[in-house]
Each structure stands twice: as structure tokens, then as C-alpha cells.
Amino acid sequence: MTGFHLVKNLALGADLCNSARGMMLALGCVQSLTCNSNRCPTGVTTQDPRLYRGLVVVEKRLRVAQYHRKTVHATTEIIASAGLRHTSELDRTHIYRRVSHEAIRRYDQIFPYLKTRSLLTKPPPEGWRLYLDEASTGDFWPGRRLTEIDRRPCELPTQER
């Protein structure tokens with residue numbers, strides 16, 4: 001929902017970033033979690049004329065446009081501050097994350113790149129077997145449950161006294 005989120009996702013390899021939630025919040029959504037009930041109190045996600053009359057498009061459109069403009073501006077500032085000219089130049093080496101109180105890691109260290117065509121090899125890279133078994137060229141439904149990643153018994157942490 002922010003410029004940093006866009007930069008982070010693009011650096012991780014996203015081709016496109018959408019933010020319905022950000023736009024809805026800019027429009028006046030109060031997150032009442034009634035979107036699917038046709039009873040949205042702000043009129044954002046309802047077809048009920050009594051409720052959506054409070055959604056004054058002439059006023060709200062300015063807020064949505066401002067949110068979009070400022071998010072894009074923040075994104076371009078972050079990219080420029082990294083010495084880059086375009087989002088296509090972003091990669092995982094440009095994003096850092098604090099992983100503990102004393103350690104910071106680059107995203108390419110946390111999310112390492114795979115070697116070219118490595119997902120086509122037998123056996124696949126460590127940690128990818130189940131995901132590749134789940135994938136289907138015919139539909140988006142998983143073949144099994146992803147919870148089968150590790151069938152070993154779960155080791156519970158020992159409680160400190």
C-alpha cells in the first residue's frame with residue numbers, strides 16, 4: 001500500500017502491483033469487514049442506495065487520485081535514491097531487512113535466486129519438490145495439501161523456567 005511495498009515487490013520479481021485495499025481506504029473504507037453483505041456503512045462496497053449515498057464521488061475521487069499520485073511519487077523517490085532510473089533495474093540486492101536486533105540482510109540473501117532452468121531438473125532444488133508436485137498446467141487447484149511439506153513430527157520449543 002506504500003511506495004516501499006511497490007519497490008519491494010518489484011525487486012522480488014513482480015511484473016505488476018495492485019492495491020485494492022489502499023484505494024478502498026483512500027475512498028473511505030473503515031474496514032468494517034462487511035464487504036460481502038451489502039451493508040457497508042461507508043457505501044464503498046454496497047449497492048444499497050441508502051448506504052452508498054454517503055459516498056460522494058466528487059469529493060472522494062480527489063482523495064483516491066492524491067493517494068495514487070503520492071504513492072507513485074514515493075516509489076520513484078525510492079528508486080532514484082538507489083541510483084536507479086527505472087523499476088526494471090531493481091533487484092533483490094536493493095532491499096534490506098532487519099532479521100534480528102543486531103543483523104540486517106539483503107533480500108537476495110534471504111530469498112536466494114534460483115539457477116536458470118533449475119526447476120526443470122530432477123530432483124528439483126531443495127524446498128521446491130512439494131510446490132512443483134502441487135503445480136498443474138491444467139488449472140490452479142493444488143494436487144494435494146501444502147501442509148504435507150514436512151511429515152516429520154513437530155518439535156515443540158522447550159519452555160524456559
> Cation over ring, R92 on Y113, under 6.0 Å and within 45°?
Replying inline: yes
> Closest heavy-atom contact between S19 and Y67?
Replying inline: OG-OH, 3.7 Å
> Minimum heavy-atom separation for M24 to C35, with atom names?
Replying inline: CE-SG, 4.4 Å
>> Starting from L90, can I reach F4 by hopping between I/L/V/M/F/W/Y residues whose side chains sit under 4.5 Å apart?
In response: yes
> Within a radius of less than 6.0 Å around CZ of R39, do more than 12 heavy atoms belonging to other residues, nucleotides or ligands occur?
Replying inline: no
> Between T71 and H68, is any side-chain donor less than 3.5 angstrom from a side-chain acceptor?
Replying inline: no
>> To the nearest 0.5 Å, what is the distance between SG on C40 and CD on Q47?
In response: 11.0 Å
>> Any side-chain to backbone donor/acceptor pair from E59 onto V56? Under 3.5 Å, distance only.
In response: no
> Should T2 and L6 count as side-chain neighbours, where that means a heavy-atom distance under 4.5 Å?
Replying inline: no
> If you take all heavy atoms of I95 and V7, which pair is closest and at what distance?
Replying inline: CD1-CG1, 3.7 Å
>> Quick check for you: to the nearest 0.5 Å, what is the distance between M1 atom CE and R21 atom CZ?
In response: 7.0 Å
> Any idea which heavy atoms bring V44 and G28 closest together, and the distance?
Replying inline: CG2-C, 4.2 Å
>> Between R63 (side chain only) and A26 (backbone N and O only), is there a donor and an acceptor less than 3.5 Å apart?
In response: yes
>> How long is the straight-line distance from CG of L10 back to NE2 of H86, given to the nearest 0.5 Å?
In response: 10.0 Å
> Mind checking whether V30 and P41 have side chains closer than 4.5 Å, heavy atoms only?
Replying inline: yes
> What is the distance from atom OG of S118 to atom CH2 of W128, rounded to the nearest 0.5 Å?
Replying inline: 8.0 Å
> Any chance the side chains of T46 and N38 put a donor and an acceptor closer than 3.5 Å?
Replying inline: yes
> Can you name the closest pair of heavy atoms from T34 and S32 and give their distance?
Replying inline: OG1-OG, 3.0 Å
>> Nearest 0.5 angstrom please: I78 CD1 to H73 NE2, how far?
In response: 10.5 Å
> Can you tell me if R98 uses its side chain to pair, donor with acceptor, with the backbone of H101 under 3.5 Å?
Replying inline: yes
>> Using side chain to side chain contact (heavy atoms under 4.5 Å, CB included), reason through T42 and L55 one step at a time and then give a plain yes or no.
In response: CA-CA 7 Å; T42 60; L55 184 65; over 6 Å; no
>> Pair D91, Y107 - check side chain to side chain contact (heavy atoms under 4.5 Å, CB included), show working.
In response: CA-CA 9 Å; D91 62 40; Y107 264 37; over 6 Å; no
>> If you count heavy atoms of other groups shown closer than 6.0 angstrom to CG of D139, is the number above 12?
In response: yes
> Going by heavy atoms in the side chains, are V99 and I110 under 4.5 Å from each other?
Replying inline: yes
> Is it true that L27 and L62 fall in one hydrophobic cluster, defined by side-chain heavy atoms closer than 4.5 Å?
Replying inline: no
> Do other residues, nucleotides or ligands put more than 12 heavy atoms under 6.0 Å from the CZ atom of R85?
Replying inline: no
> Are any of the side-chain heavy atoms of H94 and L84 separated by less than 4.5 Å?
Replying inline: yes
>> Tell me the closest heavy-atom pair linking N9 and C17, and the distance in Å.
In response: CB-SG, 3.7 Å
